[in-house]
Amino acid sequence: MSDEPHVMSTTQRLVYMAEQIARNFAALGEDRTVTALAEHLTSYWDPHMKDQIVAIARDHPDSLSPPVAAAVARLAQGRTPAGPNPAQFNAVDEVGHCDAG
Amino acid sequence: MTFSRETDHGTPPAIATGKSVTLTIDGQSATMPEGTSIMRAASLTGCSIPKLCATDNMESFGSCRLCLVEVEGRAGYPASCTTPVADGMVVRTQTDRLKQLRRGVMELYISDHPLDCLTCAANGDCELQDQAGAVGLRDVRYGYDGATNMGQAKDQSNPYFDFDPSKCIVCSRCVRACEEVQGTFALTIENKGFESKVSPSQGEDFLGSECVSCGACVQACPTASLIEKKVVEIGTPDRAVITTCAYCGVGCTFRAEMRGEELVRMVPWKEGKANRGHSCVKGRFAWGYAQHQDRILNPMIRASVSEPWREVSWEEAIAHTASEFRRIQAKYGTRSIGGITSSRCTNEETFLVQKLVRQGFGNNNVDTCARVCHSPTGYGLSKTFGTSAGTQDFDSVMKADVILVIGANPTDGHPVFASRMKKRLRQGAKLIVIDPRRTDLVQSPHVMAEHHLPLRPGTNVAMLTALAHVIVTEKLYDEAFIRERCDWDEFQDWADFVSEPARSPEAIEPLAGVKAEEVRAAARLYATGGNGAIYYGLGVTEHSQGSSTVMAIANLAMATGNVGREGVGVNPLRGQNNVQGACDMGSFPHEFSGYRHVSDDATRGLFEQAWGVTLDGEPGLRIPNMLDAATDGRFKGIFIQGEDILQSDPNTHHVAAGLAAMECVVVQDLFLNETANYAHIFLPGSTFLEKDGTFTNAERRIQMVRKVMAPLNGYADWEIVQLVANAMGLGWSYDHPAQIMDEIAALTPTFAGVHYDRLEAEGSLQWPANEAAPDGTPTMHIGGFVRGKGKFVVTDYVPTDEKTGPRFPLLLTTGRILSHYNVGAQTRRTSNTAWHPEDRLEIHPSDAENRGLKDGDWVTLRSRAGETTLRALITERVAPGVVYTTFHHPETQANVITTDFSDWATNCPEYKVTAVQVSASNGPSEWQQDYASQARNSRRVVPLAAAE
Amino acid sequence: MTRVFISRDMASAALGADDVARAFAEAGCEVVRTGSRGLFSIEPLVEVETEQGRIGFGPIAPRDVAAVLVGSHAQRLGRVEELPFFAGQQRFTFARCGIIDPLSLADYAAHAGWQGLEKARGLSPQAVVDAVKASGLRGRGGAGFPTGIKWQTVLEAASSTKFIVCNADEGDSGTFADRMLMEGDPYCLIEGMAIAAHAVGAGHGYIYIRSEYPYAIKTMRAAIDASAHLIAPFTLEVREGAGAYVCGEETALLDSIEGKRGQVRAKPPLPALQGLFGEPTVINNVLSLAAVPFILAEGANAYAAVGFGRSRGTMPVQLAGNVRHGGLYEIGFGITLGELVNEIGGGTASGRPVRAVQVGGPLGAYFPPSMFHLPFDYEAFAQAGGLIGHAGITVFDDSVDMAHMARFAMEFCAAESCGKCTPCRIGSTRGVEIMDRIIGARDAAPVTVSEANGGYLGKALYSRSPDRIDVSIEAQTSLLRDLADTMKYGSLCALGGFTPYPVLSALDYFPEDFGAAAPAKEAAE
Amino acid sequence: MEEFIGAWLSANGAARDRLLPLLHAIQEEAGYIDDALVPVIAKALNLSRADVHGVITFYHDFRRRAPGRHVVKLCRAESCQARGAAALEVQAQDRLGVAMGETRADGQVALEPVYCLGLCAIGPNALVDGRPVARIDGAVLEQIAVEVAA
């Protein structure tokens, strides 16, 4: 790590976070690391973050270590890109909906 | 409730032996536990024996000689406070002879006491006055021409209370309170005989003495010798309301003593189960912020942060808030806004904020300040034990034999609990302290740690694993416990892991900087010294391996069988008054109240049914991720209740950039805090004195907060959240927080039995309180772990990426000080600044010398994240290579320095490890200057009248 | 070479014994420094070893060396033990004092030393305690509590740590027996403590000696060092007091050893159960512990055979003050006060009539000669409104002003009060003030600050101008009695509780000194 | 003095019950116990400053200021009074030019009360710079006065 001030981009941070989690699971051995990491990302990451890490894995596969890449691959199975969910938003009653306007 | 003094039985309850004795007191038969004093027995029987030196939160002393009684068959007149009851004893407490003796003693007292009762501040609330009446003293035949101790100068140095030695009766209650209750030993009696005088430290004034201003002496004083300045100013109270302190996670119960609508004083309540009648300088005295002129009482809005604030009506402010959030969501999507709940607000308020986010915002973007303190506790204890909370009640410490304190400084951070811990240590329990700093617990009057392991910041996991290495390799573990309570295979995996030579104390000695032999000795003591209790704080959690450290602690406790009974356990010392509650209430983006994951369909279904909406099954954003998303343009609005993330969260530049990128920042707070500099809407908050609700302390104890005065801002915080919710169309209709608690109980299995009527009746409840545990749960995991089998988790030491190097050779760690609380928003607005007017950088003499620094010099503190300036305090409390500061003052901007490295599992910031350089300086940094000017600019307010 | 024996006792030294010893040494004699025989009118005493035994000469000055050595000196006393003052004594405890070199282990052993300890070590702890019980030994510090019962309590207390504490804070004026024993026969005390340690299972002991006794401190320390191997594994150390009379009270003494202000503790808990550092503790006076080796060596019966009523054994009585033959006189209980003062003590040193004697130190009662029939016995003295205390008898001639002595009793209490309990803390000062009013009225001159109190205490005592209270002798005397009642029954310890003894006894027996015919003995209970 | 305290403690141990012995040692070394040493003592014995201050002020022996070059401790107790100590006290104050309980302005001599030296049959008694003197009358007082004038 250099001594320069570091400001991470969101992408860098997500990669950093995933790698950091993986390093903390590393003592479990690679298989269990992949499982644990995938579970962790599923449980604690917001959908957009998940989408982002999946996109990173797709676009920049070299930026992820093998266990992280494997875990993200597992995460990617069965995920559809998330976005605004108007139906859910509109589930709030009319007054709220009007207010938002 | 009307004003009446708390009943004082004179002496504490006897130490339980299970035996009881029957005696006769004034003709009445009474059966009492063996060891009870005659005085207490009489009081419990309804006979009131005069007394002055006795009070039931201290050991009997026997000095005032007013409580003499007659015991059949015994010569003389034994003091009832020091004489235990005996079977068949016949006691008379009211005879002519006793009256004569008591009058004789009282006559002596009054011969050396001013006769200015009518103008005395304690008139009507003075035990000496009461007792003089009770013994029927009518005349002082000694006259008043003799020697006296009157006419001595008053000591008014303490900002909160006065000491008038002229009114002192030398009962030593203050001295004993300082010793027995507080454990500071700041007071003594100077000289002897007639010249005996209460003396703070070496006969100096209170402020300059060792006194920590806990108020125990003032509470103990039976005259006006030690009296609160507020009583002098306002008069004696005429009513009292029981409520819970809003400072740290100890959760002290207080009597808020009022005169009319004015708060006269806060007196710790003896029945309070968390504090047992004790207090600290914050809860006892530092409540003046509630009336501080800086409080914002009108809502304000502005279009941009460069504009001055415009005061508006509540209606306008609420409508604007709702419309902004809806506008942003319509434009940027459902997940573009979120909220932050406050650990300082009540359970009910916190519950409402997360409900607002989940039900109203339609996402899970809710987080809480626990993110930056105890989120690793939640994660770690949940994984290992199955519950995101400490295992014990505070009383448990009195049964501990070995106390292991890791990364906590309770005498500053949790002073009331520290006093109990110190009491236990004085009774002979052994202490191990793992901390880079030489905290007061390591050595202070009458306390001496058996082992202090001054490890290098960032090596907690290595250290705890080394302790485990000793316990496993020396076979000090509790095999029966592990086989019965834990998963044996997991234990074996863990045991194999910790047994590797690389994890031995010898192997980590160069890394942690602690002598291996000391580590081994500490491990042996913890494993074999009887009941072992672990207490930890933010020095555990605020690391890149915070969660691992918590799990490593849990591993140690399980391996040694120190879980599931009194006197043992794993106990996080929670930072804020309601950080436990805020977490319990579903403030985290991945879970509902009661720690149930949002992806769990059954739980979600329960809430969906109750709230009439479909809920998001995906976790939301954590605070740092919200800020990232904001910087990326995907997160545009936030509702922040009672938290100052700009000052308290790490890497201020990152926080500021995130906030600046948002379109609507709503801050609800008492004051225009630092975060409000980036806000568009300000909703004035209410203090804990102005609302009803509950707080949950570090021992999972749910306690009542009661409104003692009307909110100056017009609404309690829960009402404000409800207004916002309803403006967003949620149709809430809570009339009282009790209804919110009913909803919490209905939706949260661990809270199923928690209702206001029970809290009123029982004072408090410790969750889980439900059908399985109708009276609550003081000690958890009795008989079995909540998750089933206790889980050993392998915790590998992964060094932080924040590393020292040539440019940043020192490690900065941060903490707090007794007189201040967190970012200081409250305490800085009280006279507590008398003790700590500024943050100082503690630096070891050798590091200071290398840099040519003298004590008090201004220094620049620089990290990779930023720089700030503050003054140096040269001390051997910190080891060479380590510097330390507090973060109570916004001027210091300590978090400009801290980086955004964080815990791998929870993103709890790594506040405790920052590589820094320190150099001489002549003034504030550029950032500090820019910031000060921007803050000034941002705090301009156009008042309501002018705005109209 | 001629062997001479000269006392190294502090009293002898105060009278010039060191110079005398030097002179004999310079004259080529082998000088053996002993303890004091205990008769101060013959000090400095020089005993010359001859074929006829040790021939005493005294008092002797350095210039007398030659005359003594040729045996022609006018103060030739013959064999000291044959002097009437010594011949009538029953020296159980002080048998060796004045005879042996206090620090010579050989001397001690040669004079039956360590026999008691040897016997005790052959017995079970319970058997030792039983022997002490059977001897009838009662606490020689003043309270007269049976020593064996105290030991029994400590023996039965369940703790792995127990202490033996010797109370050598002998602060009572008129007493010096503890000092003499520690300076003259320190191993006797050490042996007694070692026996106590064996009896109750204690590992460590303290001897708390007042700082006013520098000689005793030095001697005891040297003796402990020299005998450590003989009492091991039991260990001992000396703690030096610091000028607080109240530390003679056992609980204050314990606090003082613990490094605290010497304030009195409330009892219970008894020190026997929760004493030093909260552990079971035997705390006994020097004379109690020093009596034990005799009891073990000679048998309980030998000790119990002497005495009177429930007061068994001997008491080293100390004759002090204005007395012709002042010194230490060890005798079985039962001897009368009059015999002690007039026959043994020889009346006053001034030659004037005896007017009063104070028995038992500053907290003891003053008795007139009309009470000289009292037998020396705990119960008899208690019944007469007094106490034996540490068996010091201070003799006053007819020049004494008993009102002044009553005032002094209050003043002493005020100076030494620990300040804990109110009757003593405030009462003693008020007592001085009352006495000043009485004396002032008696002398028919108003009391002024300068006149009544030039001294250091006076400054504290008068800070405000007189007020309207009844200052007549009658009113003040009645107030004095009420105050004495409050102090006696209200005080936490004997300092405040017993100060009324000298005050009321002075008032009752010598009313004429209090200005008026005070009502005869009515409030004294 | 701090070095002295450190050395004393390493030789004698640093438990609380060493407080009185330590105070005696300091006073013997320095003549008195300076208030400035209290924090050092307190820290060394793990006590509060208040604890130490309370102990120092309780005991008559401990001085907080430098004593006179000579100290005469004159017994005021009953046995000495029975032998004329009260009159001697007045004489001594006169002859030494200092009130009881005080140190003479020139610092040459302090006259302190003591209650019993255990020399009760040969009074009035005193300790003159620690040396016992008995049967003090006018002549002996004069010798003492000359001695402490030196």
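Keep in mind that the numbers below use all heavy atoms, side chains included, and drop hydrogens, waters and symmetry copies. In the text below, chain A, chain B and the rest are named by the order of the sequence lines, each starting its count at 1.
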| Note, Phe277(C) side chain near Asp17(D) side chain (heavy atom, < 4.5 Å) | yes

| field | Donor-acceptor contact below 3.5 Å, side chain Gln81(D) vs main chain Arg76(D) | value | yes

| field | Side-chain ion pair, Arg179(C) and Glu170(C), N-O less than 4.0 Å | value | no

| query | With side chains defined as the heavy atoms from C-beta onward, is the minimum distance between Phe396(C) and Met402(C) less than 4.5 Å? | reply | no

| said: Given heavy-atom pairs under 4.5 angstrom as the criterion, report whether the side chain, backbone, both or neither of Gln358(C) touches chain D. | reply: side chain

| task | Under 4.5 Å heavy-atom distance to chain D, tell me which part of Val395(C) shows up: side chain, backbone, both or neither. | result | backbone

| query | Does atom CD of Glu237(C) have more than 12 heavy-atom neighbours, drawn from other residues, nucleotides or ligands, at distances under 6.0 Å? | reply | yes

| field | Side chain, backbone, both or neither of Met180(C) within contact of chain D (heavy atoms, under 4.5 Å) | value | neither

| field | Contact winner vs chain D - Pro502(C), Ala244(C), Pro362(C), heavy-atom pairs under 4.5 Å | value | Pro362(C)

| said: If you take the centroid of each ring, where Trp contributes its six-membered ring, are Phe62(D) and His24(D) closer together than 6.0 Å? | reply: yes

| task | Name the region of His404(C), side chain, backbone, both or neither, that has any atom closer than 4.5 Å to a heavy atom of chain D. | result | side chain

| request: Check each atom of Asp18(C) against the heavy atoms of chain D and say whether the ones under 4.5 Å are side chain, backbone, both or neither. | output: neither

| Do you know which of Leu15(C), Asp9(C), Val323(C) has the most heavy-atom pairs with chain D at a distance under 4.5 angstrom? | Leu15(C)

| field | Option in Ser350(C), Ala177(C), Gly243(C), Gly321(C) with maximal non-hydrogen atom pairs under 4.5 Å from chain D | value | Gly321(C)

| Student check: side-chain heavy atoms of Tyr245(C) and Asp172(C) closer than 4.5 Å | yes

| task | Flag the pair Gln318(C) / Cys120(D) as yes when at least one side-chain heavy-atom distance between them is below 4.5 Å, and no otherwise. | result | no

| said: Please output the residues of residues 48-55 of chain D in contact with chain C, using a heavy-atom cutoff of under 4.5 Å, in numerical order. | reply: Gly54(D), Val55(D)

| said: Measuring only between side-chain heavy atoms, which start at C-beta, is Thr103(D) closer than 4.5 Å to Arg63(D)? | reply: no

| Tyr206(C) side-chain N/O to Leu254(C) backbone N/O, donor-acceptor pair under 3.5 Å | no

| field | Proximity breakdown for Thr348(C) and chain D, heavy-atom pairs closer than 4.5 Å | value | neither

| remark: When the 4.5 angstrom heavy-atom criterion is applied to Ile122(D) and chain C, the contacting part is side chain

| note | Heaviest contributor of heavy-atom pairs below 4.5 Å to chain D, chosen from Ser211(C), Gly419(C), Ala13(C), Ala216(C), is Ser211(C)

| said: Using a 4.5 angstrom heavy-atom cutoff, name the option from Glu212(C), Arg239(C), His325(C) with the most pairs to chain D. | reply: Arg239(C)

| note | Heaviest contributor of heavy-atom pairs below 4.5 Å to chain D, chosen from Gly16(C), Gly241(C), Ser41(C), is Gly241(C)

| Between Gln108(D) and His70(D), is any pair of side-chain heavy atoms under 4.5 Å apart? | yes

| message | I'd like to verify something: which residue of Ile56(D), Leu19(D), Leu127(D), Leu117(D) has the highest number of heavy-atom pairs under 4.5 Å with chain C? | response | Leu117(D)

| request: Heavy-atom distances under 4.5 Å only: say whether Arg210(C) touches chain D with side chain, backbone, both or neither. | output: side chain

| Ignoring hydrogens and geometry, is there a side-chain-to-backbone donor-acceptor pair from Thr499(C) to Leu495(C) under 3.5 Å? | yes

| For the residue pair Phe412(C) and Tyr115(D), is the inter-centroid distance of their aromatic rings smaller than 6.0 Å? | yes

| Which pairs with one or both residues in residues 119-142 of chain D pass salt bridge (charged side-chain N to carboxylate O under 4.0 Å, His left out), sequence neighbours excluded? | Arg95(D)-Glu142(D), Arg131(D)-Glu147(D)

| Portion of Cys418(C) that has a non-hydrogen atom of chain D nearer than 4.5 angstrom | both

